[in-house]
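See structure below.
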There are 2 protein chains.
Amino acid sequence: MSAKKVTLRDIAEHLGVNTSTVSRALNPKTSKMLTAEQVRRVQEAADALGYVQNTMAYALKKGRSMTIGVIIPDLMNPVFPPILKGIMNYLNREAYTSIIAYSENDMELALTEIKRMKGRQVDGFILAGAFRDDFSVDYCVDNNIPAITVGRSVDKDVVDKIVIDNESGMQQMVEHLLELGHRRIALIAAPQNISDGYERYRAYLEQLESHGIEVDESLIVQAEAFSQDAGRKATGELLSRNVPFSAVIAANDLVALGCIEELERNGVHCPDDVSVIGFNNMPYLDQFRVPLTTIEIPRLRMGEKAARVILERLKKPEMPLQHIVLEPRLLVRSSTARCRDA
Amino acid sequence: MSAKKVTLRDIAEHLGVNTSTVSRALNPKTSKMLTAEQVRRVQEAADALGYVQNTMAYALKKGRSMTIGVIIPDLMNPVFPPILKGIMNYLNREAYTSIIAYSENDMELALTEIKRMKGRQVDGFILAGAFRDDFSVDYCVDNNIPAITVGRSVDKDVVDKIVIDNESGMQQMVEHLLELGHRRIALIAAPQNISDGYERYRAYLEQLESHGIEVDESLIVQAEAFSQDAGRKATGELLSRNVPFSAVIAANDLVALGCIEELERNGVHCPDDVSVIGFNNMPYLDQFRVPLTTIEIPRLRMGEKAARVILERLKKPEMPLQHIVLEPRLLVRSSTARCRDA
DNA sequence: GTGAAAGCGCTAACAC
DNA sequence: GTGTTAGCGCTTTCAC
C-alpha cells in the first residue's frame, strides 16, 4: 500500500492530464465542465491511488477551513458531552469538522484557545462557556470571526445565541414547590457573572413575588461554581444562618447533589425534611441515591441548533442576529415531597 | 480592531524588513540568528498588529499539522471524557491540537473518520475504540500514519498501545468475591471482539480455576454491548436459565447497573441476594442508589500516556513498539456483600 | 473541455 | 544578520 501522500499531481501525471482537470473532476461543483468520461477516469484513478484531499492546502487556498472551534468550560461536567454530540452530529453532516477546547471557566484561557484556533483558520466559533461580560467573545467580534454562544450567553447583543428559557424553568420549579405546600424556599444561586446564574436568580425573585411569597434575603446563598463542592459549601452557609426552610432550589444538579450531601451530614433528610430541586437533568440522575427532581434541558438539540446557526451565519453574514430560546421541562422525581408543615 | 487577517508579510512591510526575518524572529528556534533588537521589534509589531500564525500554511509547508486525531466510540459513555481530558491536557502542553470523532463502535465509520482526518493531515492517531481485528487500524499502518490504541487494543502487534491489566483487575474481583464466600460467580461478558471483553473473559476462567472453582458454562452470558440495556438483557437471559448464583461480575459499570435493575425487577436484591461488581468506576458511581463495587482504572493517565507516546513515536519513528500496562484497583462499595449461603 | 500559471502564508535552503 | 527565492497542494482566472 501507499506510504507516501497521494496528491492531485500524482493523479494528473498518472493520467497524463493537468492538475486542474483532476481538481475539477473531483469537485462536484465543477465536474460538469468536463466530459463524463473524463470525470469517471479521474475518479477511478483517485480511488485506486487512495487519494484524500489535503484540507490544509484547500483551506489555505480558499481561506475557509471547514472547521468550527468549540469552547466548553469543562469536559468532565456531564452537561456538555450531549451538547458536543449535537454539535458534532450536525457539523459532520455538513462536512465540517469541529475542534474542541476547554476553558476551565477561565476567560483568559478561553481567549488563548480562541487565538490558537484562529491560527488554525477556524471559520467560526461555538462558545458554550461564556460569561455575561466576556472579552473572549469580544475578541471574536472585533476580529470579525463569526461566533455563537450556546447556553451561557453574553449581555450585549453582539453574537447569535441559543439559550434555554430560564424564566420558564424557574416558574415550573417554583410552582411545583408551591403545590407541594412549600413557602420557605431557599435558593443556592449560581455565579452571577454567568447568564444562567443571573437569569435564574432574577426569575426566582419574580416568581416568588408573582405568587405572593415574600422574598427573604437570608434564604439566598451564592454557590461559587457549578460544582458539587460549591453546593456543599453554600449549603453549609445556609444552614449556619439558622433560618427555617423546607425546600432548596439549586443552581444545577451538581450543586443539588452537594446540597443533599451537606444536609444529610447535618441530619437533615431529603425529601423528608427538605425538598431539593436541581437543573439540567444530567445523565443517570434517575439512578442516584436520591433521584433528583430537576429541569430537563434539550442538550442535544442545543448543540445541533448552535451548529446549524453558525453555518447559516457563515453563509449569510448579514443575516439578523439569531436568538433562539429552547424550552426546559420539569422532571419530577423523588427529591421533592409535600411540605411537612403544610 | 483589525478585521483582516494579519500575515507575516503585513508585519514585514510595516517594519520594512523581509518576511523571512519576521518568520525567523517569531520562531524561538531561529530567533537567535537575529539581533536581539530586531527580534524585539518584530515581536512588538506582531503583538501590536494582532498576528496569529496561520497553522494551515505552516502545516502545508512543513508537512506536519501539529494535530492528533482522536477516535472514541462514544462521547456519551462516561468513561471517555476523562481519557479525552488526559489526552488534551498533554497535547496542549506540547502545542498540539486534537481533533475528535466518534465511531459509534462501527469500524466502517471509524475508517471514514480516519480518512477525513488524514485529509486534515493529522500527524498521528489515538484510537480508543479499536476492535481486536480492526481494518481501520490496518489502514493507519498501511498508510504509515503513526497510531496508538488506548484501552481496547488490537491482537496483532502493529501499533503502540496503552492497556490496563485486565488479568489483575479480574483477580482482584474474584478474590474479593471469594473472600465474601461466593462460589457461584456469574459473568456477564463483554463483546469478545473487543480486547477488554476477551481478556476479562479469559481471566475469569483462569482465576476461577486457579482458585479451585469449577467453571460452570451456564453462569456465563454475553452482553452485546457495553451498555445498561445490554446489561439488562444479559441478566434476563442469565435468570431464565434458572441456575443458582450469588454474585455477578459485569462487563463494566453500565452493564452492572443494567444487571441490578433487571435483578430487582425480578425480586432479586443487590447486595442482599446477589453481589454485583462493575468495571471502570465511572463518575458519580459512589452516589448511585446502589454504590457499585468496581475496578477503578486510571483514565486521565491513560489519556496522558497515550498522548505522550504518540508524540514520542512522531519524533522517533524507529523506536520499538511501546506496550504500556496500567494497573487497575478494586474499589469496594456496597453492591457486594457476604454470601448468604456461606 | 482542458491546460498554464498565479498565488494562498509560510519556511528554509541558498546567497551575500 | 538579513534578503531572495522556491515550493508545500490546492483552486481558479485566463487562455486556447
Side-chain angles (χ1 to χ4, degrees), chain A residues 2 4-43 45-46 49-67 95 116 118-123, chain B residues 2 4-43 45-46 49-67 95 116 118-123:
Chain A
S2 61
K4 293 246 48 66
K5 296 248 151 82
V6 180
T7 70
L8 278 191
R9 197 158 79 226
D10 296 326
I11 303 178
E13 280 171 5
H14 182 79
L15 253 40
V17 299
N18 192 279
T19 56
S20 53
T21 301
V22 180
S23 170
R24 287 195 267 252
L26 262 25
N27 181 336
K29 307 210 144 189
T30 52
S31 62
K32 53 192 64 156
M33 298 173 123
L34 313 186
T35 56
E37 165 63 11
Q38 184 75 286
V39 172
R40 203 189 44 73
R41 280 182 64 217
V42 172
Q43 258 153 9
L49 297 177
Y51 173 75
V52 180
Q53 190 198 49
N54 185 327
T55 311
M56 300 299 206
Y58 173 92
L60 184 56
K61 181 66 196 171
K62 301 270 282 189
R64 306 184 309 155
S65 62
M66 304 296 283
T67 305
R116 184 205 287 247
K118 183 189 179 217
R120 299 188 103 86
Q121 309 306 107
V122 302
D123 297 330
Chain B
S2 61
K4 293 244 52 63
K5 295 249 151 81
V6 179
T7 71
L8 278 192
R9 200 161 75 231
D10 296 327
I11 302 178
E13 280 173 4
H14 182 80
L15 252 41
V17 299
N18 193 278
T19 57
S20 55
T21 301
V22 179
S23 171
R24 286 194 267 253
L26 261 26
N27 181 335
K29 307 210 146 189
T30 51
S31 63
K32 55 193 62 156
M33 299 171 124
L34 313 185
T35 54
E37 165 63 9
Q38 185 75 288
V39 171
R40 202 189 44 72
R41 278 183 65 216
V42 172
Q43 258 153 8
L49 297 177
Y51 173 75
V52 179
Q53 190 197 50
N54 185 328
T55 312
M56 300 298 204
Y58 174 91
L60 183 57
K61 179 69 196 170
K62 301 271 280 188
R64 307 182 308 155
S65 63
M66 305 297 282
T67 305
R116 185 206 286 249
K118 183 190 178 218
R120 299 190 103 86
Q121 310 303 107
V122 302
D123 298 329

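Order of the sequence lines fixes the chain letters, A, B, ..., with proteins taken first and strands second; residue numbering starts at 1 for each chain.
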Practice prompt. For V17(B) and for M56(A), find the nucleotide of DNA chain D with the closest heavy atom, then tell me which residue's nucleotide is more 5'.
Written response: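 Nearer the 5' end of the strand: V17(B).
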
Please give, in whole Å, the distance from [N] [atom2] to [X] [atom1]?
X       : N       : atom1 : atom2 : value
K118(A) : dG9(C)  : NZ    : C1'   : 13 Å
R41(B)  : dT2(D)  : CZ    : P     : 9 Å
E13(B)  : dG3(D)  : CD    : P     : 13 Å
N54(B)  : dC8(D)  : CG    : P     : 18 Å
K5(B)   : dC10(C) : NZ    : P     : 11 Å
L26(A)  : dT11(D) : CG    : P     : 8 Å
L60(A)  : dC10(D) : CG    : C1'   : 8 Å
R9(B)   : dT4(D)  : CZ    : P     : 13 Å

With respect to the side chain of [X], which nucleotide from [options] is positioned closest?
X      : options                  : value
N18(A) : dA6(D), dA4(C), dC8(C)   : dA4(C)
L34(A) : dG9(D), dG1(C), dT2(D)   : dG1(C)
Y51(B) : dC10(C), dT12(D), dG9(D) : dC10(C)
T35(A) : dC8(D), dG1(C), dC10(D)  : dG1(C)
R24(A) : dC8(C), dG3(C), dC8(D)   : dG3(C)

Discussion item. If you compare all heavy atoms of L26(B) against all heavy atoms of Q43(B), which two are closest, and at what distance to 0.1 Å?
Written reply: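 Looking at all heavy atoms of both residues, the shortest contact is CD1-CG, 4.0 Å.
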
Worksheet entry | Minimum heavy-atom distance L34(A)-Q38(A), with the two atoms named |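 Minimum heavy-atom contact is CD1-CG, 4.3 Å.
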
Worksheet item: If only atom types and distance count, is the side chain of T19(A) paired as donor or acceptor with the main-chain N or O of A12(A) below 3.5 Å?
Response: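 No; judged by distance alone, with no hydrogens or angles, the pair does not exist.
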
Item to complete: Output yes when a side-chain donor or acceptor of S31(A) lies under 3.5 Å from a complementary backbone atom of R24(A), and no otherwise.
Response: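 Pair absent, no side-chain N/O of S31(A) close to backbone of R24(A).
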
Discussion item. Any donor-acceptor pair, under 3.5 Å, between the side chain of K61(A) and the base of dG9(D), if you only look at N and O atoms?
Written reply: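 A donor-acceptor contact between them is absent.
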
Discussion item. Under 4.0 Å, heavy atoms only, any strand: does S20(B) hit a base, just the sugar-phosphate, or nothing?
Written reply: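 Base: the residue S20(B), judged by heavy atoms under 4.0 Å, touches a nucleobase.
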
Discussion item. Categorize S23(A) for me: base, sugar-phosphate, or nothing, with a 4.0 angstrom heavy-atom threshold over every strand shown.
Written reply: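 Base contact.
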
Closer than 4.0 Å, any side-chain N/O of [X] to the OP1 or OP2 of [N]?
X      : N       : value
T21(A) : dT2(C)  : no
Q38(B) : dT2(D)  : yes
K62(B) : dA12(C) : yes
Y58(B) : dA12(C) : no
Q53(A) : dT11(D) : yes

Discussion item. If you apply the rule salt bridge (charged side-chain N to carboxylate O under 4.0 Å, His left out), what do you find for R9(B) with E13(B), and how did you get there?
Written reply: CA-CA 6 Å; R9(B) 200 161 75 231; E13(B) 280 173 4; 3.6 Å; yes

Discussion item. Ignoring hydrogens and geometry beyond distance, is a side-chain donor-acceptor pair present between R120(B) and T67(A) at under 3.5 Å?
Written reply: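 Yes, because at least one side-chain N or O of R120(B) sits under 3.5 Å from a partner of the opposite role on T67(A).
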
